[in-house]
Each structure stands twice: as structure tokens, then as C-alpha cells.
Amino acid sequence: MVDSAVLREVTLTLPMLPDMEIAASKTATAMAEYMEMSPDRIDEVRMAVVEACINAIEHSGAPDRKVHITFSILGDPAPERLQIEITDFGVGFRPASVEEPNIDQKIKALRKRGWGLKIIEGLMDQVEVKTGNEGTTVIMTKARQAGER
Amino acid sequence: MVDSAVLREVTLTLPMLPDMEIAASKTATAMAEYMEMSPDRIDEVRMAVVEACINAIEHSGAPDRKVHITFSILGDPAPERLQIEITDFGVGFRPASVEEPNIDQKIKALRKRGWGLKIIEGLMDQVEVKTGNEGTTVIMTKARQAGER
Amino acid sequence: MTEALKVRLEQHGSMAVIYTDGYINNQGGEEIARVAYEAMEGGARTLLLNLMGTKIVNSIGISILIEIIEKMLEVDGKLAFCCLTPTIEKTFNIMGLTQYAEIFPDEEQAVGSLSPA
Amino acid sequence: MTEALKVRLEQHGSMAVIYTDGYINNQGGEEIARVAYEAMEGGARTLLLNLMGTKIVNSIGISILIEIIEKMLEVDGKLAFCCLTPTIEKTFNIMGLTQYAEIFPDEEQAVGSLSPA
Ligand SMILES: Nc1ncnc2c1ncn2[C@@H]1O[C@H](COP(=O)(O)OP(=O)(O)O)[C@@H](O)[C@H]1O
Ligand SMILES: Nc1ncnc2c1ncn2[C@@H]1O[C@H](COP(=O)(O)OP(=O)(O)O)[C@@H](O)[C@H]1O
């Protein structure tokens, strides 16, 4: 991945309340459409954003009860990638302790949840999780077109 | 208008760059859909938001080059109204000096512009403009359903 | 960026129909004007703007449409609209634009009413 | 708020089709489960989930679908999907869900393949 300029940056702050992830997904759509990402790729971004927001809402316990999102269009000179940072000021977690979900096990397990991070990783080009006791930031990027990075 | 609680508040910050008003209009749509506003009314909100953003982008000269937007769902206990505040930290203006546009005159005039505020007022239920040398905030609300306020 | 407005012209003698697809902002308005003036130079005196493919406009774009209306009136022509979203129609009403440009629900009714008898 | 998922059931003996319309989140998933278990109690052993009207799902909703699959397998039945958006299909592939629930492009092909011979 080459370094490239931030062409546009939009920030969104959401309350940690049911269905607010949809607002994030619409803003993501607007940014992705602006850079003329293809509809199928936009849809994948939308789903990843929804999952990351739900995680912040469900697991962070952030005292400000807000999800802070930054959408950045990267590229130089033309838009190449959409980067989305989803931050909560919550309790954080240990990614190494998160078990990789497995369908054969989940189909019989009591707890069928635990798919969010795997889905995010499968749908985005790059995903980085920064987490600690001051909170969590998930940074994910998707290129405008398949094959670009 | 009765006082009522803020049920949800979402903030969006946009760079003052071409077409960024579309991101604001999508976020507005998400909020309005959340409260189940009717599609025609949502469309009116969208257009008003676009106009207010364009004004901030075009006229404010704000040194931070950003438009700051707060979407609030008001009601008690159920959502009744969507309030949208669009703020720039720019030069402000004197609303009293803004001439009311008139089509008979505009059709012949050199300057055909000057419709934004009139359109916003026509499409929203309530509009308030606070402006001074620290910037401008346009506060506009639209009820979930016609007849409500 | 954001996909640019697409404009298509169909001219039949003194009647021309312009189809738009996308956001009528500054550039979108300019593109419509370019095509409209082309049609006028080709002899069009009745211009129908079919906005079926346009779900959003802004007041800068509309100002450019007012310019086209002015130019049409100057040559004793006229401009009309069809297939507007309810919000765009409401906006044109708020502006009083309907005094200078008729609005039709669909193209058939527009053509029926605008064609020289 | 946000319009709740709508679910419609069509049952023909041991085959049932569930149509969804809207967001499959927690509540949406629960609603599908409720209708699915109703169908199973009514004798359904093959369940087709037609997601034509669903453009977005989340992983909480999908977990509930996994629960339904488990319940179907327990009674030697099966669950299949049709009319998925490319992203939902990709997500089910990422999860490996397709090992336990077949995916069909449309209802006709699903019914053709699932109906008892
Ligand atoms: N923002 C977050 N704050 C705290 N913990 C998190 C956050 N995101 C994920 N986690 C932890 O990682 C686990 C796995 O998350 P995920 O894969 O999304 O599945 P699920 O949310 O269904 O459990 C969660 O159960 C939680 O313990
Ligand atoms: N956010 C703002 N900051 C500074 N001036 C503004 C702002 N919004 C509106 N104005 C002033 O009010 C005038 C009228 O605005 P408007 O009705 O939207 O029409 P237009 O933008 O086409 O001029 C503008 O020309 C400008 O002088």
C-alpha cells in the first residue's frame, strides 16, 4: 500500500442506540458513491461498517455512549481507497483471545455469535484493530476497484 | 411547538468541498427513515439540507473549511420531529439585507441566484437562522407527519 | 467526482426533449444549458425537460434553468418540465417558476399539449 | 423504530417458504425464527428463506438463522436460501454457512431442487 493523500474526511458521531448503525452505513454509502465505487463493493463496505458499529455499541461500554467514525477518501491525485475508522472510548478487548469462529462448532454451540470481526475482515481489503483500556478503533479500507489497494 | 426530549443526536462534519452536501443529505435520510417519516417528506428534508450546506460551503468563508451538522430526533416519548442544525464558523451575514427573490424579476436579472433560503423555508416546517461574525447556524425542523409540529 | 449528470437530447423540428439522469447541481445545470442552446441553434422553440432520472436538484442548478427559460422567452419559445419528483415540483412552486414554465405529469401529456396544433 | 422486518410464510405440506422484507437484525432474526418454528410445528421439514426483500443483515441476525438451521437438522430437515444480494451471499460464504444451507439464485431453482422427488 502506497502512502497517499487524504482527499476528503468526514466525521460522524452516533449515539449507542439500536439501529444507529444504519446512519453510519448511509454515510459510508455517500462517501463510496462520491468516489464512484461499484455498487457491490459499496454494499460490502456498508455491511462491514454495520458490524463494526454494532461491536462498539454492544461491547465497548463506553461512558460517552457514542461511536465516533471518520471516513477518509485516500488517493493521489484521484480517489483510490475509502478508509473508515470506527472508534469507541470503551473498555477495549484482547483480539488474541477472540476465538476464530467455526461453523461446524457454531452450529451445535449454545453461543452462535462471534462472527462480526471475521465478516469485517472478509469484506474489506484491510482491517486493523487498535484496542486498549482507553477504547477501540477499527480501521478498515476498501479500494475503489477490485485489484487496487 | 411543545418542548420535547432529544431522543437521538447524530453529528456530522463535512469538508467544504464540492458535492459533500450529498453526504449530509444521506445522513438526514437515515435519521428520517429511522423515525419513519414519509418518503415525500424525507425528500423535502434532503433538499433543504443540501441548500443549507451549499450556503455554508459557498458563502461562509469559514477558516476551518468544515460544515458542522447536528441531527436531533425530538419527541416524547415517540419521535415527533427531526431537527437539523447546520453550522459554519464563517463570516455570517445580515438576513435582513437578503432580498426576497421574485421570479418576475429574476427571469430578467443578471443574477438568477438567491433562492436557497426561500426554498429551505418552503420545504421545512420551521427555520431559524442565527448568524453573526462568529458564523452561522441554520436550525430547521420537520415533523414526522404532516399536521404535527 | 460523484457521477456527472447525463443529458440526452431528442429533437423533432421545433420541439426538443432533454432527458436528464442525475444530480442537477452547478455542473449539471451547465450541461443542460449547453445541450439546450445547441437545440435552440438547431431551431428548437419548444423545449421539454424530462427530469425522470433526476431525484435531486439544488438552487444553483435551478438558477441555470431559469437562464434557459429567459433565453427561450427571448426567441418567443418556451420551456416546460415533466416527470418531476413531488419535492422538485413543490420547489418550483415555492419559487413561482411555474408562471414561466409549465409542468406536466408525464411526457405524453406534455407533448400532446405543447405540439403545434 | 426503523421499519421492522416483515415476514410472510407460505407452507405446502413439508415445504415452507419464508419471505422477508427489511433489515435482518436481532429483532428481524427473532421474527424469522418465530415463523420458522411455527412452520416446523406445522410439519415443515424443508424451509426456504427467500431474502429478495432484504438488502441488509447483521451478524446477530445471522446467528439466529444458524439457530434455525440447527433446529432443522435436529429433525432431519433442511434450510436453504434464495435471492441473496451478492454481499449477503459472500458473507454466508465467509462464514462457511453454505456447508449447512444451500444457496439458490432464485425460488424456482430452489423449489425444483428441494422438492421431494
Ligand atoms: N469495540 C469493542 N469493544 C470491546 N470489545 C469488542 C469490541 N469489538 C469486539 N469486541 C470483542 O470481540 C468479540 C468478538 O466480536 P465479533 O467477532 O464482532 O463477534 P460478536 O460481536 O458477535 O461477539 C466480542 O464478543 C467482544 O468480546
Ligand atoms: N452560511 C452563510 N454564511 C454567509 N452568508 C450566507 C450564508 N447563508 C446565506 N448567506 C447569504 O445569504 C444570501 C442568500 O442566500 P440564498 O438564499 O441561499 O441564495 P444564494 O446562496 O443563491 O445566494 C447569500 O447570497 C449570502 O450572502
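Keep in mind it's a predicted model, so treat the numbers as computed, not measured. Just so it is clear: chains get the letters A, B, ... in the order the sequence lines come, proteins before strands, and each one is counted from 1.
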Roughly how far, to the nearest 0.5 Å, is the CG atom of B:Leu14 from the CE atom of A:Met31?
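Atom-to-atom, A:Met31:CE and B:Leu14:CG are 8.0 Å apart.
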Per-residue contacts, residues 20-28 of chain A versus chain B, heavy atoms under 4.5 Å:
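The residues closer than 4.5 Å to chain B, in numerical order, are A:Met20, A:Ile22, A:Ala23, A:Lys26, A:Thr27.
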Considering residues at least two apart in sequence or located in another chain, which fulfil the side-chain hydrogen bond (donor to acceptor under 3.5 Å, both in side chains) criterion with A:Gln105?
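side-chain hydrogen bond (donor to acceptor under 3.5 Å, both in side chains) check on A:Gln105 returns nothing, list empty.
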Taking only residues two or more places apart in sequence or in another chain, which ones pass side-chain hydrogen bond (donor to acceptor under 3.5 Å, both in side chains) with B:Glu44?
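Counting only residues at least two positions away or on another chain, B:Glu44 forms a side-chain hydrogen bond (donor to acceptor under 3.5 Å, both in side chains) with B:Lys142, C:Lys90.
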Check whether A:Leu7 gets within reach of chain B through its side chain, its backbone, both or neither, counting any heavy atom under 4.5 Å.
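The backbone, not the side chain.
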Mark yes when over 12 heavy atoms from residues, nucleotides or ligands other than [X] sit less than 6.0 Å from its [atom1]; otherwise mark no.
| X | atom1 | value |
| --- | --- | --- |
| A:Glu134 | CD | no |
| A:Glu128 | CD | yes |
| B:Asn133 | CG | no |

Heavy-atom pair of closest approach, residues A:Pro18 and B:Arg8:
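Reported closest heavy-atom pair: O-NH1, 2.6 Å.
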Not counting sequence neighbours, list each pair that qualifies as a side chain to side chain donor-acceptor pair (under 3.5 Å) and has a residue in residues 65-74 of chain A.
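Residue pairs with at least one partner in residues 65-74 of chain A: A:Asp64-A:His68.
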Of the listed residues (A:Leu12, A:Val10, A:Thr13, A:Thr29), which shares the most heavy-atom pairs with chain B below a 4.5 Å separation?
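Top option by heavy-atom pairs under 4.5 Å: A:Thr13.
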